[in-house]
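Just so it is clear, the model here is predicted, and its values are computed rather than measured. Keep in mind that the numbers below use all heavy atoms, side chains included, and drop hydrogens, waters and symmetry copies. Throughout, numbering of the chain's residues begins at 1 and tracks the sequence.
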Amino acid sequence: GSHLSGYTSFRYDITETAIYGGENILAVFVDATQPDGWWYDGGGIYRHVWLNIANNVHVAPWGVYLPAEVTGDISGDATADATVTAQTTVVNQGRTEEHFAVRSTIKDPKGSIVATVISKLVSIPAGSNSTVSVKIPIKKAELWSDETPRLHSCETTVIVGSTEVDAVADSFGIRRIEWDKEKGFILNAKPVKVRGFANHQDFAGVGVAVPDSLQAFRVWKMKQMGSNGWRMAHNPPTPALLDECDRQGMLVWDENHRNRASPDMIEDLKSLILRDRNHPSVIMWSLCNEALCENFNVDAAKVLKPIVKELDPWGQRPVTAAMNGGYGGAFQDVLDVMGVNYHIGNYDSIHRSHPNQPMIGSETSSDYSDRSIYANDEVNNYVSAYDVNYPGWGNTAEDAWCAIAQRDFIAGGFYWTGFDYKGEPTPYGWPNVNSHFGVIDEAGFPKDNYFYHQSVFFTPERKPILHIFPHWNWDQIDCKGICLQGGDGSKTVDVWAYTNGDAVELFLNNKSLGRKDMKTCRHVNWQVPFAVGELRAVAYRKGAEQVFAKDTVATTGKASGIALETEWPLSAALKADGTDTALVTVRLVDDVGNTVPTASAPLQFSLSGPAQIIGLGNGNPSSHEHDKPETSTYGSRSAWNGLARVVVQASKTAGHIVLTASGKGFKGGHITIASGTTSSSIITA
């Protein structure tokens with residue numbers, strides 16, 4: 001057979017063609033010669049391949065549907081009485097009629113059984129399927145949310161006679177979601193702003209073949225920023241990513257790839273809904289994005305939307321789409337929730353024209369920047385990290401978020417993008433090979449805009465935030481961009497601060513440069529005469545003189561050494577399962593261990609022990625160095641602006657893994673990573 005989409009799951013029944021007890025060869029031809037998107041699609045087999053063996057009578061693929069309804073009042077500890085509908089579709093591939101029952105066992109987030117229900121006996125003819133549905137009441141169910149992502153599970157067992165012939169396990173969440181035309185998104189009876197980011201699927205060194213454990217890192221990194229939303233751009237994601245969104249508490253915009261009512265596209269949509277409908281993180285279904293909406297084809301949308309409703313009738317999820325035009329047209333009228341890409345100046349007029357339709361910023365800002373770059377560079381094609389650069393269709397990060405934060409009827413937004421990605425190198429072209437849109441570079445290192453979002457996403461009570469920039473190494477590099485050089489050789493630097501405090505005072509070498517009050521969802525800045533030493537910022541709350549938060553940047557020495565540390569997993573230990581992956585941060589440091597943010601240099605890496613190097617990166621959008629190592633135990637990649645990344649994957653053998661880094665003129669460094677039977681790669685929020 002054949003399958004046209006590189007994003008959706010598919011399967012073939014080889015029961016009649018397999019050689020039982022003998023050798024079987026499975027041949028797959030992947031044709032990725034025709035790009036499908038305007039970004040880097042990737043190619044090859046980059047998601048899991050499984051061989052499934054089952055009894056003739058078995059649960060259909062994605063055949064368990066577990067919608068939950070909150071039936072009681074929600075208490076202060078986010079518990080409520082609820083009813084779970086356990087709907088199971090069973091297939092009979094045998095040649096005779098069978099009679100079966102389904103046992104559904106619900107476990108709470110702690111793994112304790114809270115309910116077991118057995119359906120009545122059902123007959124199923126040969127070569128057909130049958131669906132059984134049972135209602136399961138749960139008392140004081142622990143609800144799932146972005147802040148308390150508590151997951152229940154259901155073990156479904158098919159019983160024929162007295163024999164258990166098939167069993168599957170599914171996780172799900174119990175939550176109440178509503179969309180209000182004036183209050184936006186409401187989760188478990190509380191309005192919640194979606195603080196989201198859109199993301200493509202690639203990562204430094206591994207392309208689109210991202211190991212499952214790195215999906216955990218990607219979600220964790222966004223949560224550390226205060227984000228609670230992830231838009232799948234612009235295609236169905238790998239299930240491992242949704243699993244992490246469930247576990248860590250991300251609100252997901254799940255996106256169909258193309259608004260087209262052709263047989264193959266309809267099957268793609270069905271695959272998406274059936275596969276993903278038990279994930280509590282999924283709060284809305286998107287038909288499409290921009291050009292993939294096929295000129296906002298309303299006829300296609302009218303075919304696809306009922307399919308969504310038929311396959312997910314009780315999931316409480318609206319149908320939406322990401323529209324960059326066509327506002328007020330018939331396509332918008334098909335949508336339950338209006339998704340507006342950019343056009344923040346149209347929020348109010350769209351709301352007035354469709355006052356009963358909830359709205360969300362489906363794509364916002366498109367601000368571009370590069371890590372530790374503070375002057376636009378049209379030679380190397382770098383963009384300043386200051387929040388001042390954006391395309392004609394976009395806005396600064398500040399303007400984009402302020403427009404959402406100031407309007408209750410906007411449910412939230414998805415900034416473009418969380419991570420940089422291959423392709424679409426706006427505003428430049430070659431030699432750029434990836435975008436500048438991310439608040440995190442492709443190697444997973446935050447840019448300054450990351451800290452802006454921390455300052456507006458975290459409440460002061462939740463997490464004090466203060467971040468000042470740029471670096472303070474203007475004695476070591478040319479003064480340009482935000483650094484202005486006077487005729488006498490003096491330098492003046494534009495210094496910015498992001499905080500969720502109410503005021504910030506800046507000090508240069510312990511001399512105060514003045515205190516400034518913060519404006520909501522904005523920054524403060526000073527013009528500072530450069531002098532070698534230390535910039536120190538102190539944030540305060542209104543009416544209080546005690547220090548709320550502090551941050552410093554200091555002039556470093558010259559880069560002289562290499563330091564390595566494991567950023568992921570948090571335990572700094574891997575599971576010896578052949579898949580678990582570590583992200584090693586490589587820093588160019590001065591004599592006292594400070595990262596030198598202006599240093600770049602070629603480095604070499606060697607590895608010993610039960611693991612392999614599977615990728616390298618540094619976040620440089622113009623780097624043409626290989627993402628892959630020369631061998632499984634040796635690779636080379638430059639550090640860029642003080643940092644590089646090495647991706648290490650465990651084998652199935654336990655032991656100690658040693659990664660060593662060297663470079664001409666630098667004192668080398670190494671790190672040891674333990675690989676054993678347990679790992680904390682998969683975490684909860």
Side-chain angles (χ1 to χ4, degrees), residues 1-13 28-50 52 60-63 65 89 198-202 208-209 230-243 245 252-279 281-313 315 317-323 331 334-336 339 362:
S2 63
H3 185 74
L4 294 179
S5 172
Y7 300 118
T8 52
S9 304
F10 59 97
R11 57 182 56 82
Y12 295 102
D13 186 347
V28 179
F29 173 70
V30 179
D31 183 358
T33 57
Q34 295 297 319
D36 185 56
W38 49 90
W39 61 96
Y40 172 70
D41 295 292
I45 300 173
Y46 61 91
R47 294 186 184 171
H48 294 302
V49 178
W50 308 105
N52 295 315
W62 309 317
Y65 179 39
T89 299
N199 285 295
H200 283 307
Q201 59 180 353
D202 58 309
V208 296
W230 191 297
R231 179 177 164 216
M232 304 297 172
H234 301 293
N235 48 263
T238 171
L241 178 53
L242 288 177
D243 290 341
C245 290
V252 172
W253 166 301
D254 208 354
E255 191 152 284
N256 179 53
H257 185 51
R258 194 179 293 275
N259 177 49
R260 185 181 295 171
S262 60
D264 58 314
M265 291 293 104
I266 288 174
E267 287 306 308
D268 268 13
L269 177 65
K270 289 180 178 179
S271 171
L272 169 72
I273 306 302
L274 289 172
R275 190 196 68 177
D276 296 352
R277 61 187 179 173
N278 286 335
H279 289 280
S281 58
V282 176
I283 62 169
M284 57 204 312
W285 302 113
S286 171
L287 295 179
C288 53
N289 171 75
E290 295 185 347
L292 298 169
C293 291
E294 308 266 326
N295 294 315
F296 304 113
N297 186 325
V298 67
D299 293 330
K302 287 181 177 179
V303 172
L304 299 183
K305 180 180 176 180
I307 294 172
V308 175
K309 299 297 185 179
E310 177 187 358
L311 298 180
D312 184 30
R317 301 176 178 102
V319 170
T320 187
M323 298 181 64
F331 185 87
V334 175
L335 307 179
D336 300 319
S362 43

Minimum side-chain heavy-atom gap [X]-[Y] below 4.5 Å:
X	Y	value
M265	E294	no
D254	R317	no
N278	Y65	yes
P237	L242	yes
N235	S5	no
S9	W62	yes

Taking all non-hydrogen atoms of both residues, which atom of [X] and which atom of [Y] are closest, and how far apart?
X	Y	result
G43	A32	CA-CB, 4.0 Å
C293	N259	O-ND2, 3.1 Å
G1	Y12	C-OH, 3.3 Å

By side-chain hydrogen bond (donor to acceptor under 3.5 Å, both in side chains) - contacts of T320 (at least two apart):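 For T320, no residue satisfies side-chain hydrogen bond (donor to acceptor under 3.5 Å, both in side chains) once neighbours in sequence are set aside.
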
Mind checking ring pair (Phe, Tyr, Trp, His ring centres under 6.0 Å) for [X] and listing every partner two or more places apart, or none if nothing turns up?
X	value
Y7	H257
H200	W39, H234, W416, Y421
W285	none

R231 (side chain) donor-acceptor with S362 (main chain) under 3.5 angstrom: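 Here the side-chain-to-backbone pair exists.
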
Side-chain (D202) to main-chain (V208) donor-acceptor, under 3.5 angstrom: no

Flag if over 12 foreign heavy atoms under 6.0 Å of CG, N295: no

Drop me the distance from [X]'s [atom1] to [Y]'s [atom2], to the nearest 0.5 angstrom.
X	Y	atom1	atom2	answer
S2	F10	OG	CZ	9.0 Å
M323	S286	CE	OG	11.0 Å
L292	E255	CG	CD	7.5 Å
M232	N199	CE	CG	8.5 Å
L311	K270	CG	NZ	7.0 Å
L272	N256	CG	CG	6.0 Å

Contacts of R275 that satisfy salt bridge (charged side-chain N to carboxylate O under 4.0 Å, His left out) - sequence neighbours left out: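 Partners of R275 under the salt bridge (charged side-chain N to carboxylate O under 4.0 Å, His left out) test: none.
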
Check side-chain contact (heavy atoms from CB on, under 4.5 Å) between [X] and all other residues, then give those that pass, not counting sequence neighbours.
X	value
T89	A60, N129, T131
A209	Y46
V49	I45
D13	T15, Q93

Salt bridge (charged side-chain N to carboxylate O under 4.0 Å, His left out) partners of residues 28-45, not counting sequence neighbours, each pair once: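 Matches after skipping sequence neighbours: D36-R258.
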
Less than 3.5 Å apart, which donor and acceptor atoms pair up between the side chains of residues 302-310 and the rest of the protein, not counting sequence neighbours?
{"unit_1": "K305", "atom_1": "NZ", "unit_2": "V334", "atom_2": "O", "d": "2.7"}
{"unit_1": "K305", "atom_1": "NZ", "unit_2": "D336", "atom_2": "OD1", "d": "2.9"}
{"unit_1": "K309", "atom_1": "NZ", "unit_2": "D336", "atom_2": "OD2", "d": "2.9"}

By disulfide bond (SG atoms under 2.5 Å apart) - contacts of C245 (at least two apart):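 Partners of C245 by the disulfide bond (SG atoms under 2.5 Å apart) criterion come out as none, since no residue qualifies.
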
Residues F296, C288; criterion side-chain contact (heavy atoms from CB on, under 4.5 Å); working and verdict: CA-CA 9 Å; F296 304 113; C288 53; 5.6 Å; no

